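Right, one structure below, let's go through it.
Note that the structure is a prediction, hence the values are computed from the model and not measured. Within every chain, numbering begins at 1; the chains are lettered A, B, ... in the order of the sequence lines, protein sequences first and strands thereafter. Basis for what follows: all heavy atoms, side chains included, without hydrogens, waters or symmetry-related copies.
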Protein chains: 2
Amino acid sequence: MEVSEIPVRTLAEIEAQVEAEKQSKEAREYDPSRFYHPAVTVDLVIFTLSERDLQVLLIHRDHWPFKGRWALPGGFVQEKEALSQAAHRQLQEETGVSEVFLEQLHTFGHPHRDPRMRVVTVAYYALVPADKLPPSTEGVRWWSIYQLPELAFDHDRILDLALNRLRRKIMDTNVAFQFMPEKFTLTQLQRTYEIVLGRVLDKRNFRKKVLGSGGVKETDELHLQGRHRPARLYQFDLDARDF
Amino acid sequence: MEVSEIPVRTLAEIEAQVEAEKQSKEAREYDPSRFYHPAVTVDLVIFTLSERDLQVLLIHRDHWPFKGRWALPGGFVQEKEALSQAAHRQLQEETGVSEVFLEQLHTFGHPHRDPRMRVVTVAYYALVPADKLPPSTEGVRWWSIYQLPELAFDHDRILDLALNRLRRKIMDTNVAFQFMPEKFTLTQLQRTYEIVLGRVLDKRNFRKKVLGSGGVKETDELHLQGRHRPARLYQFDLDARDF
DNA sequence: TCAATAGTGTCTTTGAGACACTATCCG
DNA sequence: CGGATAGTGTCTCAAAGACACTATTGA
């Protein structure tokens with residue numbers, strides 16, 4: 001993490017100071033309904049990797065509006081819930097997973113993005129390893145990013161931004177490990193990069209970079225599969241810095 | 001701009017489809033008040049450069065809450081206003097400037113960040129050239145980022161994030177030109193980088209990089225100032241890609 | 001032995017960073 | 001002329017990219 005030169009209080013310190021302010025007599029006189037309040041939701045771009053595709057979870061809309069189209073999972077932010085908590089809750093509800101990579105993407109608030117009312121949505125994106133996944137059901141499906149159905153609202157724009165962010169991030173950081181099982185071969189890791197980036201990489205250069213970065217450590221296990229030379233299994237090295 | 005592989009509709013297309021959905025009979029039956037709606041504001045981190053400091057605009061709080069502290073300018077998002085419009089409006093109100101760099105930073109929505117009520121704030125940061133600036137007044141002041149007063153709410157965290165984002169961005173893009181007047185010397189440009197980054201740069205390496213990037217073009221004018229060799233003036237080359 | 005995948009090294013190019021002197025103007 | 005800032009080139013190092021062959025296994 002980058003070192004800051006701004007003196008920053010912790011969330012707990014801020015909360016304590018806010019709490020102190022609430023004791024003021026002005027607090028009881030304040031009218032919170034003086035201003036217009038739009039609805040606030042979180043929307044999630046949940047990515048996973050299949051054997052050959054980067055996939056995203058979409059939900060079939062059975063009702064108005066945009067009935068018949070597919071939408072990103074999302075929902076209202078509840079009264080006492082942080083934005084990231086709301087995102088984690090949605091992720092848990094839709095996929096059953098928790099403790100995966102989840103990061104705020106961008107906030108979309110165009111006044112006419114939802115026909116029901118003004119909705120400001122805070123978009124997050126999540127990366128889920130394929131082995132933690134629930135299967136597709138009728139109304140909740142994994143779609144290849146290259147074969148998308150018609151999307152509801154402005155969800156095409158949200159997804160597009162998420163994809164570009166993921167591609168930049170996988171080049172700059174070790175975020176690719178979020179897609180991997182605990183142990184993996186370097187060829188599997190290379191496939192992950194290739195699927196996310198949508199282009200092939202040179203095997204020798206890839207291995208040079210990954211091994212040179214210190215981000216992985218080898219195990220003493222081999223991956224036996226098929227009639228060919230077995231591959232060594234590697235693990236993510238938690239101590240290592242991003243590369 | 002990066003080329004996307006997701007088919008993305010324009011905002012106008014989305015708006016037209018949303019408008020079509022509003023004609024549905026369900027639209028009239030929908031109750032928008034079923035869910036909790038927090039307040040939504042925009043907060044602005046407005047940076048400028050003085051001769052020796054990176055500065056940020058803060059507003060003195062004369063009332064509860066956090067009376068006596070300083071806060072980022074900000075305000076409620078109005079009913080028919082996009083988030084970026086709200087940010088531009090705030091910027092215009094506080095500084096009188098428009099058509100400057102303004103970009104969404106992050107959205108802060110911790111439930112206890114404001115003692116009045118639940119406020120979700122979409123933070124933006126703006127870069128304003130010093131020659132477009134209004135002077136400080138009693139309640140609206142430019143502060144060096146190295147000499148900050150006590151800030152209200154979680155504005156220290158917002159400012160910290162904005163500073164880190166700006167520093168990364170100035171290394172990756174030509175955003176530094178947002179701080180410059182139309183014509184400038186390379187020494188002035190280097191000072192801009194140094195002030196933002198908080199460290200000194202090598203003159204020869206800096207000029208090599210800037211001139212090699214194609215991001216600037218020289219003019220035939222010289223900058224006469226004081227009893228020393230005059231410097232050549234350069235302009236930002238709008239045709240050039242980011243560097 | 002062959003089909004299939006694992007694994008390995010060198011050369012070139014590019015960009016970043018360290019480093020010190022000459023040029024030009026004004027008073 | 002001296003004070004002040006403008007302007008200039010080389011070397012080293014690291015990282016990225018192009019490129020092709022050998023190793024090991026199971027059938």
Side-chain angles (χ1 to χ4, degrees), chain A residues 51-52 167-174 176 180-181 183-235 240-243, chain B residues 51-52 167-174 176 180-181 183-235 240-243:
Chain A
E51 285 187 17
R52 43 181 58 220
R167 284 183 174 162
R168 190 160 334 125
K169 190 132 184 150
I170 204 176
M171 295 301 290
D172 294 345
T173 73
N174 55 14
M180 306 306 293
K183 293 175 185 174
F184 49 85
T185 70
L186 293 185
T187 300
Q188 289 167 346
L189 184 61
Q190 184 176 342
R191 280 297 287 153
T192 295
Y193 276 79
E194 290 175 337
I195 291 169
V196 170
L197 294 172
R199 61 190 165 89
V200 296
L201 302 175
D202 179 83
K203 186 187 208 177
R204 281 166 293 185
N205 293 336
F206 180 80
R207 293 162 102 93
K208 195 179 2 169
K209 179 173 164 168
V210 169
L211 294 174
S213 74
V216 297
K217 55 186 177 196
E218 64 175 44
T219 70
D220 53 4
E221 293 173 64
L222 296 178
H223 184 66
L224 282 277
Q225 173 155 305
R227 54 195 233 186
H228 55 77
R229 178 173 175 175
R232 182 162 300 279
L233 287 168
Y234 288 80
Q235 272 185 316
R241 72 193 186 307
D242 279 356
F243 60 89
Chain B
E51 285 186 19
R52 43 181 58 220
R167 285 182 173 161
R168 189 161 334 126
K169 189 131 183 153
I170 205 175
M171 295 302 289
D172 293 346
T173 73
N174 54 15
M180 306 306 292
K183 294 174 185 174
F184 48 84
T185 70
L186 293 186
T187 299
Q188 288 168 347
L189 184 62
Q190 184 178 341
R191 278 299 286 154
T192 294
Y193 276 78
E194 289 176 339
I195 290 169
V196 170
L197 295 172
R199 60 189 166 94
V200 296
L201 303 175
D202 179 84
K203 187 186 207 176
R204 281 165 295 187
N205 293 335
F206 180 79
R207 294 162 100 94
K208 198 181 1 173
K209 179 174 165 168
V210 169
L211 294 173
S213 73
V216 298
K217 55 187 176 194
E218 64 175 42
T219 69
D220 52 6
E221 292 172 67
L222 296 178
H223 183 67
L224 280 279
Q225 174 155 305
R227 54 194 232 186
H228 56 76
R229 178 171 174 177
R232 182 162 300 280
L233 286 169
Y234 288 80
Q235 274 185 315
R241 72 195 186 303
D242 279 356
F243 59 89

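Side-chain contact between A/V210 and A/Y234: absent, with no pair of heavy atoms (C-beta onward) separated by less than 4.5 Å. The closest side-chain heavy-atom distance from B/L222 to B/L233 is not below 4.5 Å.
Look at A/R207 and you'll find a side-chain N or O under 4.0 angstrom from OP1 or OP2 of C/dG7.
No engagement by A/L186 is indicated, since no non-hydrogen atom pair under 4.0 Å with the nucleic acid exists. Counting any heavy atom pair closer than 4.0 Å across all strands shown, B/T187 reaches sugar-phosphate atoms only and no base atom.
Nearest heavy-atom pair across A/Q190 and A/D202 is NE2-C, 4.1 Å. Of all the heavy atoms in A/T192 and A/M180, the pair that sits closest is OG1-SD, 3.0 Å.
In terms of polar N and O atoms assigned as donor or acceptor, the side chain of B/K203 never comes within less than 3.5 Å of the base of D/dT5 in a complementary pairing. Looking at A/R227, its side chain has no donor and acceptor atom pair within 3.5 Å of the base of C/dA4. Checked by distance alone, B/D202 brings no side-chain donor or acceptor within 3.5 Å of a matching partner on the base of C/dA16.
Atom OH of B/Y234 and atom P of D/dA6 are 12 Å apart (whole Å). With rounding to whole Å, A/K208 atom NZ is found 9 Å from D/dG17 atom P. Between the OH atom of A/Y193 and the C1' atom of D/dA16 there is a distance of 15 Å, given to the nearest Å. At whole-Å resolution of the value, CZ in A/R204 and C1' in C/dA6 are 13 Å apart. Atom CD in B/Q188 sits about 13 Å away from atom P in D/dT5, given to the nearest Å. The nearest whole Å value for the distance from the CZ atom in A/F206 to the P atom in C/dA6 is 12 Å. Rounded to whole Å, atom P of D/dA16 lies 11 Å from atom CG of A/D172. Regarding A/L224, its CG atom lies at a distance of 12 Å from the P atom of C/dA6, rounded to whole Å.
A salt bridge links A/K183 to A/E221: one of the charged nitrogens lies within less than 4.0 Å of a carboxylate oxygen.
Nearest nucleotide to the side chain of B/N205, out of C/dA16, D/dT25, C/dC19: C/dC19.
Taking the nucleotide of DNA chain D with the nearest heavy atom to each of B/R229 and A/H228, the more 5' of the two is matched to B/R229.
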